[in-house]
Amino acid sequence: MAKRILITSALPYINGIKHLGNLVGSMLTADVFARFNRARGHETLFLCATDEHGSTTELAALEAGQEVVTFCAEQHAAQADVCRRFGLSFDHFGRSSNPPNHRLTQHFARMLWKNGHLELRSTKQIYSNADQRFLPDRYVIGTCPHCGYPAARGDQCENCTRVLDPADLIEPRSAISGSSDLEIRDSTHLFLKQSQFVPQLREWIGSKKDWPVLVTSIANKWLDEGLHDRGITRDVAWGVPVPDDIGDGKLKGKVFYVWFDAPIEYIGAAWEWAEANGKGDEWKRWWLGEAARDVTYYEFMGKDNIPFHTVGFPVTILGVRPQEDWKLVDYLKGFNYINYYGGKFSTSQKRGVFMDTALEILPADYWRYYLIANAPEGSDSNFTWDHFAGVVNKDLADVLGNFVNRITRFCASRFDGRVPGEGEYGPEEHALIEELQRRVQTYAEHFEAIEFRKASAELRAIWAAGNEYLTRTAPWTAIKTDRPGAAAAVRMGLNLVHTFSHLAWPIIPTAARTIHETIQPVAGGGDLIPWPEAPMAEELDQLEAGQPIRAPEVLFAKITDEQIAEWTARFCGEE
RNA sequence: GGCAGCGUAGCUCAGUGGUAGAGCAGGGGAAUCAUAAUCCCUUGGUCGGGGGUUCAAAUCCCUCCGCUGCUACCA
């Protein structure tokens, strides 16, 4: 029965191309899950967008010597391009700075204001006269009052790790201009009264028995420590403006905090999708009220994002009830981090591998397979070039690629490159069919449970079962004495190739298509290779006798020791 | 400092009360269709240390050690 599946990936921040850790923790895993659901025939809406607002963007644009609007437009285009080349199949890749998010963010704020969940509070903010702007805490630097470290940031001292208040710093100065002409000014802000929602949130989180421990433990930690009310406006220029009818007109010139508007862009992206595709109000069907009741909503993100999705965004949604009933997340998949040789991937230090440079080196499917098979689900995982090359060479080149190659070439040389029709399936074939029936079921169950490592391991086992079968039946030997027997084995082998393509498509879509085309063209345009839903006895006996096949070029070239050495040197980082 | 997660074979990781597992790497063998690719067998671990509960603990409890992350105005 077709289901309706809404999937959002955590929004990549606009500031630069993302690294492999960002990719696997949100966009890629969400993509594989989206493809799996589409392949099974479920109505799927997969959304992502760039998260563009905030002081970090303003300062990055400043550094790049660009207007913020230009900077964001260029960065968005660059990210959209690299995502497309990675095969990320967003139904829409939006922008948090686009009009739908402005409208929605202001709408949610008005509703929260009307429902009494927002209040005005006066706060002390650091203002830099030289920069003519308020400074976020981390952009005030000075000497740490605890350890004397001279370059401590206003939020936390990197040296002694203590949490600081910028007012505590000795000789504070602006991180932007270096100016020490700073003053403390009063500034009025809107606060979201999150503390009122603790019982509701606790009950909601408590009901999610199937969420990863990582997710519920982080959520419960925040609830146990007592939720602080959170300021949802900022004294910056680049963001969604606070409308005049909120806060008694005392918030002129202020914008909403990026973490308030960014999750709302999940809804905004659906609106953008509808506008871009002439679908009118259809986006509401996915998000709002009774029409969205049968939608199951999945979120994917790295662990740093979990508090905002288990507390912040849910409060926004709960706070506009009962008037409006927007979708709360049904399943939240959180990921740990990938480390690079024991250290963190770092955008600022250019340490590690980034999406654009990854594609300069190897096709997307190499990365997709490796990252999915080693997704940091249980704990942080560690990327090394040796490990990467080992997995790619063994699993993709040797087990899968070589399987396709050996059977198609044998068919080409001994059966005229056509699916042989002679011979009948016997005990070996029936045993294989039974095994695959079981394994494919398990593989699907791992996907449904959103367990990527386990799914990948099962897929690999399915490929290996093909190799084991060929070894047992040995058509290259059988052909000398039992041509029909050899023919049946080859026919089975080709059916396996075809089925492998369908099974692998969610993870390695491009290679899956190439593999499929060794047997026959992909039906219906080729944007989707559906799940093999029929019993394996049918799936593995569906190729027409006499149908021509074509042995492929090398599907997956092996990574050489020289390449490993070169890449290790090239990507060692700047330390 | 507080909190959380993790610690299982050389490596990457499954395994939450009932005789320690997988893949890779290592060793032996088979096969020769294939990208020297495959298949079979196999070496290898007092499950971070210690203590406790239990007929039985990798699994539950306590404690210590180590690693990682979070700690709310960077996102």
Side-chain angles (χ1 to χ4, degrees), chain A residues 10-15 51 53-57 59 123 125-126 134-140 153-156 160-163 165-166 189 194 212-214 217-218 220-222 224-225 227-236 257-259 262 302-308 311-312 336-337 339 342 344 373-374 377-384 386-387 390-391 393-399 401-414 451 453-454 456-457 460-461 464 466-472 474-477 479 486 489-490 493 551-558:
Chain A
L11 307 187
Y13 198 59
I14 189 69
N15 187 10
D51 172 17
H53 295 135
S55 52
T56 305
T57 308
L59 298 172
T123 63
Q125 301 286 307
I126 306 289
F134 285 95
L135 297 178
D137 290 358
R138 70 175 338 212
Y139 287 102
V140 182
R153 295 194 323 221
D155 55 345
Q156 185 172 29
C160 66
T161 75
R162 275 188 227 244
V163 175
D165 186 289
H189 284 288
Q194 295 190 131
V213 176
L214 178 72
S217 66
I218 289 175
N220 282 322
K221 189 201 106 185
W222 278 54
D224 290 345
E225 290 181 356
L227 270 191
H228 301 192
D229 295 338
R230 179 184 273 276
I232 61 160
T233 51
R234 289 293 182 276
D235 290 297
V236 301
Y257 177 37
V258 59
W259 262 114
K303 60 185 169 185
D304 52 331
N305 273 316
I306 291 171
F308 302 101
V311 174
N336 289 283
Y337 296 143
N339 292 316
K344 289 168 82 169
N374 294 282
E377 291 176 311
S379 60
D380 291 353
S381 68
N382 194 26
F383 178 92
T384 65
D386 278 332
H387 188 239
V391 169
N393 286 350
K394 191 67 185 175
D395 293 3
L396 290 183
D398 295 348
V399 176
N402 184 55
F403 175 81
V404 175
N405 197 42
R406 67 195 295 210
I407 190 64
T408 51
R409 283 189 187 282
F410 186 72
C411 174
S413 64
R414 308 307 290 271
E451 296 265 12
R453 279 174 178 268
K454 290 178 182 173
S456 304
R460 193 201 125 94
N467 281 313
E468 291 163 24
Y469 166 79
L470 285 190
T471 298
R472 283 196 304 270
W476 48 89
T477 303
I479 197 166
V490 169
E553 302 304 311
V554 168
L555 283 168
F556 301 99
K558 291 223 214 186

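Labels below follow one simple rule: chain letters A, B, ... track the order of the sequence lines, proteins then strands, and each chain is numbered from 1.
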Check every strand shown and say whether [X] touches a base, only sugar-phosphate, or nothing at a heavy-atom separation below 4.0 Å.
X	value
F556(A)	base
N220(A)	nothing
A557(A)	nothing
D395(A)	nothing
G231(A)	nothing
T57(A)	nothing
L555(A)	base

Is the distance from OP1 or OP2 of [N] to the nearest side-chain N or O of [X] less than 4.0 Å?
X	N	value
K303(A)	A4(B)	no
R230(A)	C73(B)	yes
Y257(A)	C74(B)	no

Q.
Closest approach to the side chain of R453(A), judged atom by atom: which nucleotide of C13(B), A75(B), G69(B) is it?
A. C13(B)
Q. Any sub-3.5 Å donor-acceptor pair from Q194(A)'s side-chain atoms to L227(A)'s backbone N or O?
A.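 Answer holds: no.
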Q) Do side-chain atoms of Y13(A) reach the backbone of T57(A) as a donor and acceptor pair under 3.5 angstrom? A) yes
Q) Is there a Watson-Crick or G-U wobble partner for C3(B) with both distances under 3.5 Å, and if so, which one is it? A)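 Because both required distances fall under 3.5 Å, C3(B) counts as paired with G69(B).
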Q | Any-strand Watson-Crick or G-U partner of A58(B), both distances under 3.5 Å | A | none
**Q.** Residues that R409(A) engages under salt bridge (charged side-chain N to carboxylate O under 4.0 Å, His left out), provided they are two or more places apart
**A.** none
Q. With sequence neighbours excluded, what pairs up with D395(A) under the salt bridge (charged side-chain N to carboxylate O under 4.0 Å, His left out) test?
A. R460(A)
Check nucleotides 29-33 of chain B against the protein and report each pair of N or O atoms closer than 3.5 Å, with its distance, or say if there are none.
unit_1: C33(B); atom_1: O2'; unit_2: R406(A); atom_2: O; d: 3.1
unit_1: C33(B); atom_1: O2; unit_2: R406(A); atom_2: NE; d: 3.0
unit_1: C33(B); atom_1: N3; unit_2: R406(A); atom_2: NE; d: 3.3
unit_1: C33(B); atom_1: N3; unit_2: R406(A); atom_2: NH2; d: 2.5
unit_1: C33(B); atom_1: N4; unit_2: R406(A); atom_2: NH2; d: 3.1

**Q.** With sequence neighbours excluded, residues passing ring-ring contact (aromatic ring centres under 6.0 Å, His included) with F556(A)
**A.**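 Checked F556(A) against ring-ring contact (aromatic ring centres under 6.0 Å, His included); matches are Y366(A).
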(Q) Which residues pass the side-chain contact (heavy atoms from CB on, under 4.5 Å) test with R414(A), not counting sequence neighbours? (A)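 Here the qualifying residues are F410(A), I479(A).
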Q) Among all residues two or more places apart in sequence or in another chain, which pass the side-chain contact (heavy atoms from CB on, under 4.5 Å) test with A457(A)? A) none
Q.
For G54(A) and E468(A), find the nucleotide of RNA chain B closest to each by heavy atoms; which residue's nucleotide sits nearer the 5' end?
A.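 Looking at RNA chain B, the more 5' nearest nucleotide goes with E468(A).
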